[in-house]
Amino acid sequence: MEGMYQKLRNLDAYPKINEDFYSRTLSGGLITLISSILMLFLFFSEFSLYLHAVTETKLLVDTTRGQTLRINFDITFPAIRCSLLSVDAIDISGEQHHDIRHDITKKRINAHGDVIEVRQDGIGAPKIDKPLQRHGGRLEHNEEYCGSCFGGEMSDDHCCNSCEEVREAYRRKGWALTNMDLIDQCKREGFVQMIKDEEGEGCNINGSLEVNRVAGNFHFVPGKSFHQSNFQLLDLLDMQKESYNISHRINRLAFGDYFPGVVNPLDGIQLMHETPNGVQQFFIKVVPTIYTDIRGRTVHSNQYSVTEHFKKSELMHLDSLPGVYFIYDFSPIKVTFKEEHTSFLHFMTSICAIIGGIFTIAGIVDSFIYHGRKAIKKKMEIGKFS
């Protein structure tokens, strides 16, 4: 047993020195103090990094399919009135949505940017006594109202009970509705007067679009659009023949939900155009992104990059409408962000490296100073004797 203890004693990598052989110096004390302060500083720095999460980034091939994309927007047009501003969306699969109104809010603003009125897109018909029936007579007692579509009916029982429904019926037919005063619903709702009252106003339009996750575009154009012979035309009233100033400010444009650290490059930009009736185009590359926080909650969203181009009115084709167009496509690469804590073993390794490294360097510096002073002292003694 004694032999085993002796073998263990021989393995001791820290042999003890008798205190009588210690030599304490002032320089050694200063180096010890400085190294201790440095150890504490680096320890707390490493400890703060251990408490905070780090984000790991990976690039993967995007294999997802068959999903939809939510586009959130908030755009201000200081020189286009709300009643003339419409939103359309088209994608390469052939799906088209013209004059989108659901999930969209418009705010009428004056020349100073102050909000005049906030309303959901679309114009509702006020309740007025005895509106004109489809058969030509007035609404009688207990009779259900069914307004005429003025030739735009899709079937015998098709009713148009508001000005917007008449205009929608005409759009489906591919007809232009130019004289609104001849339409009973529009006349009762004061549609023409409403547009005249908004002269000189601007519009803030915000909301969201749900589109297929394929390449496509959505755009904001002045005037209600419809589809005819594969060309998109404008249903313009007689008082809408002036030029349109498509100057705008993009308050927010996001493809998907918010996640920490996301940067939307178009947020806050303002483009003022002196040339009327131009086309502002934004070519957007959407990058699918998955963000996972430290608690394991996952957000499926997107980032994007963008380039822009403005086309003057004299360079526009006949089938081009003045407006602001966002043409987007998807990147085949998906980015994942994952928040993680530094492992405890990594933290302990760093602490040991800090303590051991500083202790070793401090020992080398102290030894160099000590032996240097001894050498100088020895030379001075030799000089005295000589």
Enquirer: Decide, based on the SG atoms alone, whether Cys159 and Cys149 are under 2.5 Å apart.
Expert: no
Enquirer: To the closest 0.5 Å, what do you measure between CD1 (Ile351) and CE (Met348)?
Expert: 7.0 Å
Enquirer: If you round to the nearest 0.5 Å, how far is OG1 of Thr349 from CZ of Phe344?
Expert: 10.0 Å
Enquirer: Can you label the angle between the Phe220 ring and the Phe73 ring as parallel, tilted or perpendicular, going by 30° and 60°?
Expert: perpendicular
Enquirer: Has Asp91 got a side-chain atom pairing as donor or acceptor with Ser93's backbone, closer than 3.5 angstrom?
Expert: yes
Enquirer: Between Tyr304 (side chain only) and Leu253 (backbone N and O only), is there a donor and an acceptor less than 3.5 Å apart?
Expert: yes
Enquirer: On the 0 to 90° scale, with breaks at 30° and 60°, tag the Phe43-Phe47 ring pair as parallel, tilted or perpendicular.
Expert: parallel
Enquirer: For residues 42-59, which residue pairs pass the side chain to side chain donor-acceptor pair (under 3.5 Å) check, not counting sequence neighbours?
Expert: Glu46-Ser350
Enquirer: Rounded at 0.5 Å granularity, tell me how far CG in Leu209 sits from CG in Asp88.
Expert: 10.0 Å
Enquirer: What are the two closest non-hydrogen atoms of Ile294 and Glu339, and how far apart are they?
Expert: N-OE1, 3.0 Å
Enquirer: Write down the atom of Gly256, the atom of Ser301, and the distance for their closest heavy-atom approach.
Expert: C-OG, 3.6 Å
Enquirer: Is there any side chain to side chain donor-acceptor pair (under 3.5 Å) pair reaching into residues 201-210, and which pairs are they, with sequence neighbours excluded?
Expert: Thr68-Glu210, Arg70-Ser208, Arg70-Glu210, Asp74-Asn204, Thr76-Asn204, Arg108-Glu201, Asn204-Asn206
Enquirer: Considering all heavy atoms of both residues, which atom of Val287 and which atom of Ser331 are nearest to each other, and what is their separation?
Expert: CG2-CB, 4.1 Å
Enquirer: Report yes or no: does Asn110 contribute a side-chain atom to a donor-acceptor pair with the main-chain N or O of Gly113 at less than 3.5 Å?
Expert: yes
Enquirer: Closest approach of Ile290 and Thr298, non-hydrogen atoms and distance?
Expert: CG2-CG2, 3.5 Å
Enquirer: Looking only at non-hydrogen atoms, find the nearest pair between Asn302 and Leu69 and report the distance.
Expert: ND2-CD1, 3.2 Å
Enquirer: Any idea which heavy atoms bring Cys82 and Lys106 closest together, and the distance?
Expert: O-NZ, 2.9 Å
Enquirer: Counting N and O atoms only, with roles assigned by atom type, does the side chain of Ser35 sit under 3.5 Å from a partner on the main chain of Ile31, one being a donor and the other an acceptor?
Expert: yes
Enquirer: Can a donor-acceptor pair be found, under 3.5 Å and without considering hydrogens, that links the side chain of Lys312 to the backbone of Gly278?
Expert: no
Enquirer: Residues in side-chain contact (heavy atoms from CB on, under 4.5 Å) with Leu271, at least two apart?
Expert: His248, Ile269, His273, Gln280, Phe282, Glu308
Enquirer: Is it true that Arg213 and Asp62 make a salt bridge, defined as a side-chain N closer than 4.0 Å to a carboxylate O?
Expert: yes
